[in-house]
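Every chain is numbered from 1, with letters handed out A, B, ... down the list of sequences.
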Number of protein chains: 2
Amino acid sequence: MVTLAEVAQHAGVSASTVSYVLSGKRSISATTRERVEHSIQQLGYHPNAGARALASSRSNIIALMVPLRTDMYVPVMMEIAIAVATTARTHGYDVLLLTGEEGPAAVRRIAGSSLADAMILMDVELHDERLPLLRESGHTAVLIGLPADRTGLTCVDLDFEATGALCVDHLAGLGHRDIAVIGEAAAVYERHTGFAERTVDGIRAKAQEANVRVLHRPCEGGYAAMAGTLARIFDERPGTTGFVVQNEAAVEPLLNLLQQQGRAVPEDVSVVAVCPEQVATQASVRLTSVAIPAQEMGRRAVEQVVAKLAGRGSDEVELLEPVLTVRASTGPAPS
Amino acid sequence: MVTLAEVAQHAGVSASTVSYVLSGKRSISATTRERVEHSIQQLGYHPNAGARALASSRSNIIALMVPLRTDMYVPVMMEIAIAVATTARTHGYDVLLLTGEEGPAAVRRIAGSSLADAMILMDVELHDERLPLLRESGHTAVLIGLPADRTGLTCVDLDFEATGALCVDHLAGLGHRDIAVIGEAAAVYERHTGFAERTVDGIRAKAQEANVRVLHRPCEGGYAAMAGTLARIFDERPGTTGFVVQNEAAVEPLLNLLQQQGRAVPEDVSVVAVCPEQVATQASVRLTSVAIPAQEMGRRAVEQVVAKLAGRGSDEVELLEPVLTVRASTGPAPS
DNA sequence: GCACAGGGTCGAAGCGCTTCGACTGGCGCC
DNA sequence: GGCGCCAGTCGAAGCGCTTCGACCCTGTGC
């Protein structure tokens, strides 16, 4: 491995000069800079990450804690993770992948070892165990999601309340009076994942305002579960004409079952989904949907982290505005 | 931050003794060990990762290069990544997430900076650009996938040839004589991704042996693409009674379209998929399938890496045996 | 009773980098 | 013409850890 000292020697300057060429923290004459850069090229020099981290107490690494839940919709997680990784690179950071497995202890480990300069937490619960540790450690962090108590925390998330409201608004505007919400798996509510509850809150509030009846039913992914849920919904509320689907894994089963039952979409029933654009456009019926801006969330989270590390931080909650796109799955309520 | 020296002072021993307690590289008396461990607890000491990396030239980090292709089936990638991360932790390693974005340069950067002790490459192409750099750098690495030239490389992958053969074997055994293969998106073949071609090779070889006709058609995910592909297949080979589906995103559209066309599964046509178990069991028809052992692949890759780092390495290709599970989507060919 | 082995501990020398203070020479300014 | 100033460079002191050789002490074998 080539070292800084070797580069310095090769260029006929001192080690510190090379370091300053690299960091730009002091002015260097053009000729010296060129000589040094030439030597770096020629020797194929790469700074040693460990040494750099030790001397500067900056690792240029951002830790990303992703849940390893199987009941979460994986593509969204992945999309966020990828967006985080690529955005981080454009700011000179690498990303360390931590799974939920290790639990809150991971926060302590990362903070304690200075392995990462900052952390991004995904799948934040309303009363997340990691948060006390995070506050206590004083490590800079950004959450993707919204906990109950966000004092001293920076959060990025889709405005799920507005999302729920938007869906109901759209259906109500089309004349639907009985709406069913196909929710996330029961386990998601049980551990009080913020986004699931907030969506339902938004739906409920808007429904009351618009004088619409709402039936909310958690639902696992897959056909069997969906079939049961659907049967019970129509049993309880035969007049249901509008569906809001929150669980992407339920979208296709729902459409399929409706079709089998002879209920046409959107003539007999309308369906609005909260899902990534790709799911909406590739479904068997092109879905009217509110997009989950996974990439945007990942990007913003990193940008917040970078800002905080640069001292330009803001302890703010950044809620992304939901956008509803009308496609082929919603229409006027049947009279 | 608490340092080694402070722990040493608190415990009344020298710094090196604390280090040896931590690493276990020299014998330490029970009483000393206890005193030191007690001090560590009490002070809340965590070794500094940078310093450790510098002094030991070991970062305890494994870099994972994941593709950021949108045409790959994401859940499998994610599952592998998660398995890699959790398995790595059990061996004391963390995982650095690198996206394909940076390209081959990432290999050079990681190898040069000693940021990671080893690398795991996913989505390896037949003639992957990263491989020459990898060989040249001498960095320890494991591939998930099989390149054309694997001299000096350790690879882990599902035996996709056997997988293809297994599918054909199953269908042929049920009396099917005309089989259609719903392949990956065309782009996947264009960049010569090993697994896609190997599956088809396996299918072709077995088909010839079993005297079965095969029609292979690449196919994007989604309904529109699938509808076109399906129409062309039945146009060309009206007698097709067996399907092998390689692209998970095509599974549900295929089942749905077959149903719409009045072709019953498995009475009229049989479908075998190559996909994760979850997809197979949650589909509208429980699918006979060969599982993609994503977790197992991630785990084995890490274990190979760990073995190599410990000097117990083997430059071997480890092919995982495919397993076909019969479910409800295949039956005897109609006479 | 002595030599020797070996378990247990310590001191010191780095690992490769950043960064601070200090030094030098040339420039503009009064 | 002397002063201060600043751009440009250097030397040295760490950052917190690992590891090697050296040392001491106790126990063992003859």
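A heavy-atom distance below 4.5 Å is found between the side chains of A:Val156 and A:Val142. In this structure, A:Leu319 and A:Phe160 have side chains that are not in contact, with every pair of non-hydrogen atoms separated by 4.5 Å or more. B:Ile82 places a side-chain heavy atom less than 4.5 Å from the side chain of A:Val66. Side-chain atoms of A:Ile120 and A:Ile62, non-hydrogen and from C-beta on, do get closer than 4.5 Å to each other. Within the 4.5 Å cutoff, no side-chain heavy atoms of B:Asp159 are placed close to those of B:Glu321. At a threshold of 4.5 Å between non-hydrogen side-chain atoms, the residues A:Leu131 and A:Leu153 count as touching.
Closest approach of B:Thr154 to B:Ala141, counting heavy atoms only: CB-O, 4.1 Å.
At a threshold of 4.0 angstrom between heavy atoms, the contacts of A:Ser56 are confined to the sugar-phosphate backbone, with no base atom among them. Base engagement by B:Ser16 is indicated by at least one non-hydrogen atom pair under 4.0 Å involving a base atom. Residue contacts for A:Ser29: at a heavy-atom cut-off of 4.0 Å it reaches the sugar-phosphate backbone alone, with no base atom in range. A:Ser23 comes within 4.0 angstrom of no nucleic acid atom, judged by non-hydrogen atoms across all strands.
Atom-to-atom distance recorded for A:Leu98:CG and A:Met119:CE is 6.5 Å, nearest 0.5 angstrom. To the nearest 0.5 angstrom, A:Asp157 atom CG is 8.0 Å from A:Ile144 atom CD1.
Residues B:Ala51 and A:Tyr20 both approach DNA chain C. Their nearest nucleotides, taken by heavy-atom distance, put B:Ala51 toward the 5′ side.
Pairs passing the salt bridge (charged side-chain N to carboxylate O under 4.0 Å, His left out) check and including a residue from residues 125-145 of chain B, sequence neighbours excluded, read B:Arg69-B:Glu125, B:Glu125-B:Arg191, B:Asp128-B:Arg130, B:Arg135-B:Asp149. For residues 86-109 of chain A, the salt bridge (charged side-chain N to carboxylate O under 4.0 Å, His left out) pairs, not counting sequence neighbours, are A:Arg89-A:Asp94, A:Arg89-B:Glu102, A:Asp94-B:Arg109, A:Glu102-A:Arg109, A:Glu102-B:Arg89, A:Arg109-B:Asp94. Counting only residues at least two apart or on different chains, the salt bridge (charged side-chain N to carboxylate O under 4.0 Å, His left out) pairs with a member in residues 294-308 of chain A are A:Glu296-A:Arg299, A:Arg299-A:Glu303, A:Arg300-A:Glu303, A:Arg300-A:Glu318, A:Lys308-A:Asp315.
Axis angle between the ends of the helix from C:dG1-D:dC30 to C:dC30-D:dG1, five pairs each and rounded to 10 degrees, works out to 40°.
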Atom pairs and distances, donor-acceptor, side-chain atoms in residues 21-28 of chain A, under 3.5 Å, two or more places apart:
| from | atom 1 | to | atom 2 | distance (Å) |
| --- | --- | --- | --- | --- |
| A:Ser23 | OG | A:Ser19 | O | 3.3 |
| A:Ser23 | OG | A:Lys25 | N | 3.3 |

Could you tabulate the donor-acceptor pairs under 3.5 Å formed by side-chain atoms of residues 46-53 of chain B, not counting sequence neighbours?
| from | atom 1 | to | atom 2 | distance (Å) |
| --- | --- | --- | --- | --- |
| B:Asn48 | OD1 | B:Gly50 | N | 2.7 |
| B:Asn48 | OD1 | B:Ala51 | N | 2.9 |

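Every residue was checked against the ring-ring contact (aromatic ring centres under 6.0 Å, His included) condition with B:Tyr93, not counting sequence neighbours, and none meets it.
Near DNA chain C, meaning a heavy atom under 4.0 Å away, there are no residues from residues 40-48 of chain B. Near DNA chain D, meaning a heavy atom under 4.0 Å away, there are no residues from residues 107-118 of chain A. Contacts of residues 1-12 of chain A with DNA chain C (heavy atom under 4.0 Å): A:Thr3, A:Leu4.
Side chains of B:His10 and B:Glu6: no donor on one and acceptor on the other come within 3.5 Å. Side chain to side chain, B:Thr17 and B:Ser14 meet the donor-acceptor criterion of an N or O pair below 3.5 Å. No side-chain N or O of A:Glu34 forms a donor-acceptor pair with one of A:His38 less than 3.5 Å apart.
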Distances under 3.5 Å between protein N/O atoms and the N/O atoms of nucleotides 22-27 of chain C, please, pair by pair.
| from | atom 1 | to | atom 2 | distance (Å) |
| --- | --- | --- | --- | --- |
| C:dA22 | N6 | A:Arg26 | NH1 | 3.3 |

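In 5' to 3' order, the nucleotides of DNA chain D bounding all contacts with chain A (an atom under 4.0 Å from a heavy atom) are D:dA7 to D:dG16.
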